[in-house]
Amino acid sequence: MPVSCGIVGLPNVGKSTLFSALSAAKAEIGNYPFCTIEPNVAVVEVPDERLERIRAHIESQKIIPAAVQVVDIAGLVKGASEGEGMGNQFLANIRECDAIMQVVRCFGGDRVVREGAVDPVGDAEIIELELALADLDTVRKAMDRLAKKGRAGDKEALETLEAGAKAAALLEKGVAARAGAWTVKEAAALKPLCLMTMKPMLYVANVADDDLDGAGPLAQTLAAHARKQGCGFIPICADLEIALREMPDEERAGFMKELGMKEMGLARLVRSIYELLGLQTYFTAGPKEIRAWTISRGWKAPQAAGVIHTDFEKHFIRAEIYSVADLDELGTEAAIRAAGRMRTEGRDYAMRESDVAHFLIGK
């Protein structure tokens, strides 16, 4: 299952434009409220030039990149948690996501319908409050449901009730649950509730094409807000991204060079998501396929093998490991082995970014 991210934001901030730019699916784009009616879902391949570097040395039938699932729901509005607008109908679609991207308008002008002045922090706070209120409703319903078990002394119910009361105290103030100081036991008790404000959040500043690095005042106010919230921040011009995506390769490369862009926004966005979630990539390579696998930082070799197949973790014996850099330098796996750079690692080996692994699995 790929890493999943839910996109939230007010209507007309560029959510669907960003979604279309990042995916092969074409979400409907418009400058009027509630352009997105049904939630859009796409699985986006993660750009990774290391895959081609590996294939330059290891002949293989195909390359399989890692993937990120992106879910775009209707724009939320003030009062969404009480039934206003349409976005509240689809919040369930992002409850199962690993992270949330909040798209915030950080450009001026009147080309997109909006009431009042552009206010990135004010817009972000509306979304944050609505997510908090929706989570508060979830917590209260769970506590009502578990109250009887708690009175009967059920240990698991009591743990959830205690953690729920702590979460409710934060959410009632409009504060995200992630801001709380949670013990491992409390976090585990709250996990089944899939609280949206417990998830890591990445603020995506939708900037104009003359502020690609987000140095302008609007983007910088949002960046400061993100730091205050302990969340990630990245500037992206959604309109430019979708225009670049539709260009022929050569034309795109020339245009990006003129703009001083080294890469598309998708690569930067995915890196930001991986950083936010504490993820890293390792590779497997052979004649049938070269494939990128996503794991959490600090995972041991058996856990990494388990993402290929659950039985691989159970029956793990050992792994042979080298790096993409080793392959770049020495050219073949045989040369890597001859140079003593093919390492044999056991169950306690912590996987590193850019590892290429061969796992030996028992029966």
Side-chain angles (χ1 to χ4, degrees), residues 5-23 27 29-36 70 72-78 80 85 87 94 99-131 176 197 200-245 255-256 259-273 275-276:
C5 289
I7 303 180
V8 300
L10 294 175
N12 307 325
V13 296
K15 295 187 304 88
S16 296
T17 303
L18 180 64
F19 177 87
S20 292
L22 299 182
S23 68
I29 301 168
N31 67 345
Y32 51 89
F34 310 123
C35 171
T36 300
V70 182
D72 174 32
I73 66 169
L76 298 173
V77 297
K78 188 174 183 179
I94 62 172
I100 293 177
M101 292 186 287
Q102 184 181 168
V103 181
V104 183
R105 176 176 171 173
C106 290
F107 60 87
D110 57 4
R111 62 185 175 83
V112 176
V113 175
R114 180 187 173 89
E115 293 182 8
V118 177
D119 179 10
V121 173
D123 290 355
E125 288 175 341
I126 289 173
I127 298 299
E128 289 152 15
L129 178 59
E130 294 306 322
L131 294 180
T197 63
M201 180 177 284
L202 177 67
Y203 290 85
V204 181
N206 188 11
V207 296
D209 58 12
D210 60 356
D211 187 28
L212 297 180
D213 59 358
L218 291 174
Q220 283 301 299
T221 60
L222 184 64
H225 180 72
R227 288 193 296 271
K228 184 178 177 181
Q229 299 296 315
C231 297
F233 168 84
I234 183 173
I236 283 185
C237 178
D239 282 344
L240 178 60
E241 289 293 322
I242 200 166
L244 288 169
R245 185 179 181 87
F255 194 53
M256 288 175 64
L259 293 171
M261 293 176 64
K262 294 181 179 179
E263 59 186 351
M264 295 277 288
L266 173 57
R268 293 190 296 114
L269 187 60
V270 169
R271 278 202 303 273
S272 296
I273 292 167
E275 183 69 27
L276 193 69

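Excluded from the calculations below are hydrogen atoms, water molecules and symmetry mates; all remaining heavy atoms, backbone and side chain alike, are included. Just so we're clear, the structure is a prediction, and the values are computed from it rather than from any experiment.
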Sub-4.5 Å side-chain heavy-atom contact between P235 and V207: yes
Is any side-chain N of the basic residue among E275 and R268 closer than 4.0 Å to the acidic one's carboxylate O? no
State, with a plain yes or no, whether a side-chain heavy atom of I94 is found less than 4.5 Å away from one of V8. yes
Working to the nearest 0.5 Å, report the span between CE of M201 and CG of L131. 5.5 Å
Looking only at non-hydrogen atoms, find the nearest pair between D72 and F19 and report the distance. CB-CD1, 3.7 Å
Report the C-alpha distance between N206 and F107 in whole Å, list the side-chain angles of each, state the deciding distance to 0.1 Å, and finish with yes or no for side chain to side chain contact (heavy atoms under 4.5 Å, CB included). CA-CA 7 Å; N206 188 11; F107 60 87; 3.7 Å; yes
In this structure, which one of D119, L222, V13, L218 forms a side-chain contact (heavy atoms from CB on, under 4.5 Å) with R105? V13
Minimum heavy-atom distance A219-G214, with the two atoms named: CB-O, 3.4 Å
I'd like to know if the side chain of Q220 pairs up with that of H225 as donor and acceptor (distance under 3.5 Å, no hydrogens or angles considered). no
Any side-chain heavy-atom pair from L18 and I236 closer than 4.5 angstrom? yes
Quick check for you: to the nearest 0.5 Å, what is the distance between I100 atom CD1 and I127 atom CD1? 10.5 Å
SG of C237 to CG of D213, rounded to nearest 0.5 Å, is 12.0 Å
Search all heavy atoms of L276 against all heavy atoms of G232 and return the closest pair with its distance. CD1-N, 3.8 Å
Got I7 and Q102 here, is their nearest side-chain heavy-atom distance under 4.5 Å? no
In Å, rounded to the nearest 0.5 Å, how long is the span from OG of S20 to CD of E241? 12.5 Å
For G216 against D211, the heavy-atom pair lying closest together: N-OD1, 3.0 Å
Taken to the nearest 0.5 Å, the spacing of S272 OG from L202 CG works out to 5.5 Å
Quick one: pull up CG in L269 and CE in M101 and give me the separation to the nearest 0.5 Å. 5.0 Å
Can you give me the closest heavy-atom contact between L212 and L240, atom names plus distance? CD2-CD2, 3.6 Å
What are the two closest non-hydrogen atoms of A226 and Y203, and how far apart are they? CB-CD1, 3.5 Å
